[in-house]
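Working notes, beginning with the structure itself.
The sequence lines fix the lettering, A, B, ..., with proteins before strands; numbering per chain opens at 1. Note that the structure is predicted; figures quoted are calculated from it, not measured.
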2 protein chains.
Amino acid sequence: MATGNITIKELAKELNLSTAAVSKALRDSHEISAATKERVMAVAEKLNYVPNPYAGSLRHRKSKTIAVVLPEVADSFFSLAINGIESVAIEKGYHVLLYLTHESILKEEAIFKDLASGRVDGVLLSISSETDGIDHIRSLFNRNMPIVFFDRTCEEIETVKITTNDYESGYKAAEHLIKCGCKRVAFFSISNSLQINNKRRQGCLQACRDHDVEEGFSHLLLSNRASEVNYQLIKAEMLKPDRPDGIVASVEKFTTDIYLICRELGLGIPADVKVVSFSNLASVSILDPALTTITQPAFEMGELASSILIKSIELKSFALKNENRVIPSTLTVRASTVGK
Amino acid sequence: MATGNITIKELAKELNLSTAAVSKALRDSHEISAATKERVMAVAEKLNYVPNPYAGSLRHRKSKTIAVVLPEVADSFFSLAINGIESVAIEKGYHVLLYLTHESILKEEAIFKDLASGRVDGVLLSISSETDGIDHIRSLFNRNMPIVFFDRTCEEIETVKITTNDYESGYKAAEHLIKCGCKRVAFFSISNSLQINNKRRQGCLQACRDHDVEEGFSHLLLSNRASEVNYQLIKAEMLKPDRPDGIVASVEKFTTDIYLICRELGLGIPADVKVVSFSNLASVSILDPALTTITQPAFEMGELASSILIKSIELKSFALKNENRVIPSTLTVRASTVGK
DNA sequence: TTGAAAGCGCTAACAT
DNA sequence: ATGTTAGCGCTTTCAA
């Protein structure tokens, strides 16, 4: 706000009108004559008048701003989701405040506390992997803040949740591995408190059950932070005598470690270990070997979340129901699970 | 702002105080007794009082908000830069409004027009690849809006620019290719109107000159939009009899196409073509072959840009000088340029 | 068709 | 140490 901005008052003086008249003219009110409107518009244009959004917000109790709260942005799913969110928002005249939790519930709580100020008209949320308690979310939700979840949801909050078919995707991933001959399927988790993580895992497990390899199913909980730690955890897992011969990675960031460790240990992919990962990276097809992926409809999920949120903000008739909107993911088979 | 938020007035009534007293108490003013402060704080806490930021903005002509305007977020450089920007901003109590230009100058202009409203206290900008004119930027800048560029700068605007050593990086990349035996080095551009692109290209060219392979230097302008188009352009280039035997890709998104085309045409990397790309992707080391990269200090550039901008907002003594702050990139040699 | 005045929530003079 | 008042820029009754 360093801009020495022109105000309605100044416009009014320039035009020899009242501020009220100018305000109405700018909003194209029917109670202002066409001639006056023209005059006002012309001068406004000339003086480069842009209304002060905060004055308007104060009056209207609407900020035309939404908050996007998510764990991080250096993940292709979230990047693409933001693209979808922003596209819709800008088109509808909304501004996007970005908040990153960096997977920390403390940061998430601090952000939610701030959002109680009324800085935004609604919130798009994908919770941190540390988030187990939900008081901070409920507290804001109970103040009638519209909240729409995408991807990482909270079942307990009764609102719209945009997800992909996590359970089925997990199931399909594991089933694919089993059909490729895997007997010992491992699911690499990012967090045990995330619904989507657990659904994917349960899908895997069920596939193993249905195909009689349940006792081969294992589950490795990795960290969402330090890659060092994960490297060691994965390596230890792959050194076990009954190491997995098939891996489902719940997030794309695990794949680099998996590949490097297999290389270090002399395990061939897919010969010795087959790998599927949830990922939206464009470069998966040029990995060594090309990576079989579950690709989430990231952009579309962002778009849908954004448009539902904004609709609920603008139409009081459109309340946010407790509802799951599911957009399916796609399994794309590549060399990391077949061939060679 | 759907939150039925509590106001200072209501606090004051609850406490039997004036709004002014409450306001001062909340800001820990010395002219309020300790006892009263305690009382106020207690009630504020109890009633979950959070000040209305827009009322404050209106009074102070400060929004504690910065805008980040950049081409896209689905690029690891920008993702990491946002991380850096957001970290610093949140720590200093600033909010981040995210705007994506999607490489369109029209969108960029529309955003800048809006920013004249005083919605933000400062702007971090990485221009679109279409941006040739700069009137929209100058116009805002002349209104005393602090603007700091990062990565994709505008020389003409006299302010701080955070970049990496683009020229040297281009030089190093090409020199590395030449030392690996390349005779025909091509630079794949994302835009001819971006300084950073041209500096990288000029660096390449100079390296070719210095090593007597100037006549082998070529330059291919690709699109920042449709990947289809790029695929065909690159393919045509690689089908030429005097096709390059070394490629410097100015942005990471070109690498997938390059790899796929070489595969399609039966060109081995690095045997027939060596590839270096500017990239911050974590997965470059597991590509087939692992990709030699120029890695930009993305996070650090974001951090620095953010902290300089905020400093200039807060300290009137700290004016933004016309200055280049350069953080060097790193060349990491991998299999796409050597071996096999 | 236009204008005067009040008020959104907050703070900074200026009283008291 | 606390209260009164005016005003940030805008919109919206209500009056003219």
**Heavy-atom check, side chain of B:S87 versus side chain of A:H102, under 4.5 Å** = yes

**Fill in**
Walking DNA chain D from its 5' end, the first of B:L17 and B:A55 to be reached, judged by nearest nucleotide, is B:L17

**Request:** Name the closest nucleotide to the A:S33 side chain, picking from C:dT1, D:dC8, C:dC10.
**Result:** C:dT1

**Message:** Please tell me if B:Y54 has a side-chain N or O lying less than 4.0 Å from either OP1 or OP2 of C:dT11.
**Reply:** no

**Complete:** Note: for B:I32 and A:P51 on DNA chain D, the residue whose nearest nucleotide lies more 5' is B:I32

**Message:** Please report the distance, rounded to the nearest Å, between CG in B:N5 and C1' in C:dC10.
**Reply:** 13 Å

**Prompt:** What is the distance, rounded to the nearest whole Å, between atom CD1 of A:I8 and atom P of C:dG3?
**Reply:** 13 Å

Quick test: give all pairs of protein nitrogen or oxygen and nucleotides 12-15 of chain D nitrogen or oxygen below 3.5 Å, distance rounded to 0.1 Å.
| from | atom 1 | to | atom 2 | distance (Å) |
| --- | --- | --- | --- | --- |
| D:dT12 | OP1 | A:H60 | NE2 | 3.3 |

**Fill in**
When A:V22 and B:V50 are each assigned the nearest nucleotide of DNA chain C, the 5'-most assignment goes to A:V22

**Asked** Any ion pair linking A:E300 and A:R325 (charged N to carboxylate O, less than 4.0 Å)?
**Response** no

**Prompt:** Could you give the NZ-to-C1' distance, from B:K9 to D:dA6, as a whole number of Å?
**Reply:** 14 Å

**Message:** Regarding A:K107 and A:E130, does a basic nitrogen lie under 4.0 Å from an acidic carboxylate oxygen?
**Reply:** no

**Asked** Parallel under 30°, tilted from 30 to 60°, perpendicular over 60°: which one fits the rings of B:F150 and B:F78?
**Response** perpendicular

**Request:** May I have the distance from B:K62 (atom NZ) to C:dA12 (atom P), rounded to whole angstrom?
**Result:** 14 Å

**Asked** Between A:K64 and A:E314, is there a side-chain N and carboxylate O pair less than 4.0 Å apart?
**Response** yes

**Request:** Send over the distance from A:K37 NZ to C:dT1 P, rounded to a whole Å.
**Result:** 9 Å

**Message:** If the test is side-chain hydrogen bond (donor to acceptor under 3.5 Å, both in side chains), which one of A:N322, A:T153, A:N324 qualifies with A:K161?
**Reply:** A:N322

**Request:** Would you mind reading off the distance between A:E38 atom CD and C:dT1 atom C1', rounded to a whole angstrom?
**Result:** 16 Å

**Asked** In whole Å, what is the span from the CG atom of A:N52 to the C1' atom of C:dC8?
**Response** 13 Å

**Item:** Spacing of B:L15 atom CG relative to D:dT2 atom P, expressed in whole Å
**Value:** 11 Å

All N/O donor-acceptor pairs, side-chain side in residues 23-35 of chain B, below 3.5 Å, sequence neighbours left out:
| from | atom 1 | to | atom 2 | distance (Å) |
| --- | --- | --- | --- | --- |
| B:D28 | OD1 | B:K37 | NZ | 3.1 |
| B:S29 | OG | B:E31 | N | 3.1 |
| B:S33 | OG | B:T36 | N | 3.2 |
| B:S33 | OG | B:T36 | OG1 | 2.7 |

